[in-house]
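Per chain, numbering begins at 1; letters A, B, ... match sequence-line order.
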Amino acid sequence: MLDLKYLRENPEEARRAMESKGEAAELDALLEWDEKRRSRLKEVETLKNRRNVVSKEIGAKKAEGINDEEKMEEMRRISSQIKEYDAEIKEINNKILEIQLRIPNIPDPEVPAGDTEEENEIVRYWGTPTQFSFNPRPHWEIGEALNLLDFNRAGKISGSRFVLYSGRGAQMERALINLMLDLHTGEHGYREIFPPFLVNGDSMTGTGQLPKFTEDMFKVEDYDLYLIPTAEVPVTNLHREEILQEEELPLYYTAYSACFRAEAGSHGRDTRGLVRQHQFNKVELVKFVRPEDSPQELEKLVQDAERVLQLLNLPYRVALMCTGDLGFAAAKKYDLEVWLPSSDNYREVSSCSNFRDFQARRAGIRYRPAVPEGSGGGKKTAFVHTLNGSGLAIGRVLAAILENFQQEDGTVIVPEALRPYMPGREGVLSG
RNA sequence: GGAGAGAUGGCCGAGUGGUCGAAGGCGCUCGCCUGCUAAGCGAGUAGGCGGAUACCCCGCCUCGAGGGUUCGAAUCCCUCUCUCUCCGCCA
């Protein structure tokens with residue numbers, strides 16, 4: 001959510017930013033409502049002031065035993081007028097908020113302009129695409145051949161876009177989660193969180209999933225509860241409506257969660273394999289930082305996520321998203337894309353974003369800047385900046401491991417770094 | 001699921017219709033004092049919105065949330081949420 005004052009004072013800038021993301025919100029309507037609201041507010045506040053003053057007078061007289069019927073009658077009229085105005089203002093506020101919640105974040109200046117992923121900027125490569133002396137198989141074939149993945153039975157149990165991990169497949173999924181959590185808590189300074197997987201509507205609104213992306217979410221019938229599409233939601237909302245102390249910042253959190261996505265609108269895409277599921281596992285990284293630190297914190301966050309791929313020895317590249325591919329809430333975003341032989345291309349395994357104060361304003365996450373020595377006051381609260389990134393998406397990483405480290409004989413070599421987490425049979429997956 | 005209790009400022013806690021955004025205490029900040037530390041003394045210490053704007057400042061709102069009664073609500077009434085205790089059930 002953007003600051004109303006900012007929108008009021010820089011409507012053109014906001015409009016340009018929106019268009020660069022291919023978003024059109026009713027900015028003009030918003031500004032009209034804002035105008036109306038402020039003029040109504042002025043009127044009603046004058047009336048309320050009158051009410052407060054006269055009520056005290058009435059009270060004072062009453063203490064002397066006098067009932068000022070005339071003034072009480074006047075107050076009755078004023079009160080009903082106030083009630084009318086208040087109702088009107090409330091309605092206007094709702095309209096403003098409704099629009100405001102649908103206005104996307106403004107891209108950072110260094111974000112490249114562009115409409116589609118074609119215009120994303122490749123920042124760097126790590127490793128080189130795996131070469132095979134034989135015909136490599138896609139991970140779903142490897143997974144089913146080695147009895148690690150069972151798509152058919154998952155289909156029976158749940159439906160399409162579900163998978164069941166079995167045996168060492170299940171073990172590897174769990175191993176990846178543990179490897180990542182240990183790395184981020186042990187070496188990168190994140191605090192581990194195990195959050196609820198169901199959250200309420202306020203939390204979904206706080207991080208920006210609602211109200212715009214309702215159809216992408218799974219909602220629990222008859223309850224104000226949604227299955228989380230990412231741990232970003234519960235973890236960012238950890239500090240919703242809180243005022244943090246500057247000394248506490250930055251706060252780093254990492255969380256494993258299952259993630260649930262309806263994938264509405266992607267029918268027919270990635271129908272095979274682990275790449276696009278209704279439920280998948282992910283280790284997430286979330287940061288709360290001072291505004292002036294968020295640009296560097298994003299770079300560090302990306303590196304923390306990259307470290308996982310490096311440990312696993314998987315070739316990847318880092319892409320800086322162009323304006324059209326930024327998404328709704330981000331001001332700047334890097335994707336980590338791992339080499340996936342079955343698509344003969346790189347596939348996203350992490351998305352690292354700086355939201356600046358966009359989520360913090362929605363969710364009311366503030367901090368109190370430390371007061372410089374000697375200066376009397378000026379300790380007004382300010383919104384923190386939030387960032388998050390996958391560190392990483394487990395299923396896609398597992399797919400990448402199966403595909404990149406498959407052998408001609410059908411077995412798969414387990415990356416060195418993962419072996420302590422999945423002991424047995426010399427680090428080879430065989431049937 | 002049944003019965004009961006509660007929700008007030010960073011924390012504890014008073015306040016049952018009027019001058020209460022809220023006593024008192026703790027904590028914190030600044031200053032004074034003391035050889036240092038502790039103690040002591042004085043002052044300050046909620047968030048939001050609107051206006052004014054170099055600065056000081058002014059108004060309105062907020063005592064879990066929403067509605068109602070009233071000239072006037074932290075205080076009375078209704079609904080909801082959350083927390084706690086006991087019983088039942090359950091992984």
Evaluate the salt bridge (Lys or Arg N to Asp or Glu O under 4.0 Å) criterion for residues Arg368(A) and Glu246(A): first the C-alpha distance (whole Å), next the side-chain angles of each, then the deciding distance (0.1 Å), finally the verdict. CA-CA 6 Å; Arg368(A) 199 182 306 281; Glu246(A) 180 166 8; over 6 Å; no
For a quick test of reading the model: is some side-chain N or O of [X] closer than 4.0 Å to OP1 or OP2 of [N]?
| X | N | value |
| --- | --- | --- |
| Thr381(A) | G48(B) | yes |
| Arg38(A) | C49(B) | no |
| Lys83(A) | U69(B) | yes |

Separation of the [atom1] atoms in [N] and [M], to the nearest angstrom:
| N | M | atom1 | answer |
| --- | --- | --- | --- |
| U62(B) | A5(B) | C1' | 26 Å |
| C77(B) | U70(B) | P | 16 Å |
| A54(B) | A39(B) | C1' | 43 Å |
| C28(B) | G88(B) | P | 46 Å |
| G17(B) | G72(B) | C1' | 8 Å |
| A52(B) | C60(B) | C1' | 15 Å |
| C84(B) | C12(B) | P | 15 Å |

Looking only at side-chain atoms of Glu45(A), point me to the closest of G48(B), C71(B), C49(B).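 For the Glu45(A) side chain, the nearest candidate turns out to be C49(B).
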The side chain of Arg368(A) is closest to which nucleotide in this list: U69(B), C49(B), A46(B)?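 For the Arg368(A) side chain, the nearest candidate turns out to be A46(B).
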Looking at Lys36(A), I'd like to know if its NZ atom is crowded, meaning that more than 12 non-hydrogen atoms belonging to other residues, nucleotides or ligands lie closer than 6.0 Å.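 No.
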Do other residues, nucleotides or ligands put more than 12 heavy atoms under 6.0 Å from Glu91(A) CD?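 Atom CD in Glu91(A) is not crowded, with 12 or fewer foreign heavy atoms closer than 6.0 Å.
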Between Ala60(A) and Asp34(A), which is nearer to the 5' end of RNA chain B once each is assigned its nearest nucleotide?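 Mapping each residue to its closest nucleotide by heavy atoms, the 5'-most match is Ala60(A).
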Map Leu4(A) and Asn52(A) onto RNA chain B by nearest heavy atom, then report which one ends up closer to the 5' terminus.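 With Leu4(A) and Asn52(A) compared, the 5'-side residue is Leu4(A).
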Whole-Å distance between [N] [atom2] and [X] [atom1]?
| X | N | atom1 | atom2 | result |
| --- | --- | --- | --- | --- |
| Asn49(A) | G59(B) | CG | P | 7 Å |
| Arg40(A) | C61(B) | CZ | C1' | 18 Å |
| Met75(A) | A73(B) | CE | P | 13 Å |
| Lys90(A) | C61(B) | NZ | C1' | 14 Å |
| Arg50(A) | G59(B) | CZ | C1' | 16 Å |
| Ile92(A) | C49(B) | CD1 | P | 17 Å |
| Arg37(A) | C60(B) | CZ | P | 17 Å |
| Lys56(A) | A73(B) | NZ | P | 12 Å |

Give [X] one of three labels, base, sugar-phosphate or nothing, depending on what nucleic acid heavy atoms sit under 4.0 Å from its own.
| X | result |
| --- | --- |
| Ile58(A) | base |
| Lys71(A) | nothing |
| Thr46(A) | nothing |
| Arg361(A) | nothing |

May I have the step-by-step check of salt bridge (Lys or Arg N to Asp or Glu O under 4.0 Å) for Glu43(A) and Arg40(A), ending in yes or no? CA-CA 5 Å; Glu43(A) 295 173 55; Arg40(A) 272 285 177 273; 2.9 Å; yes
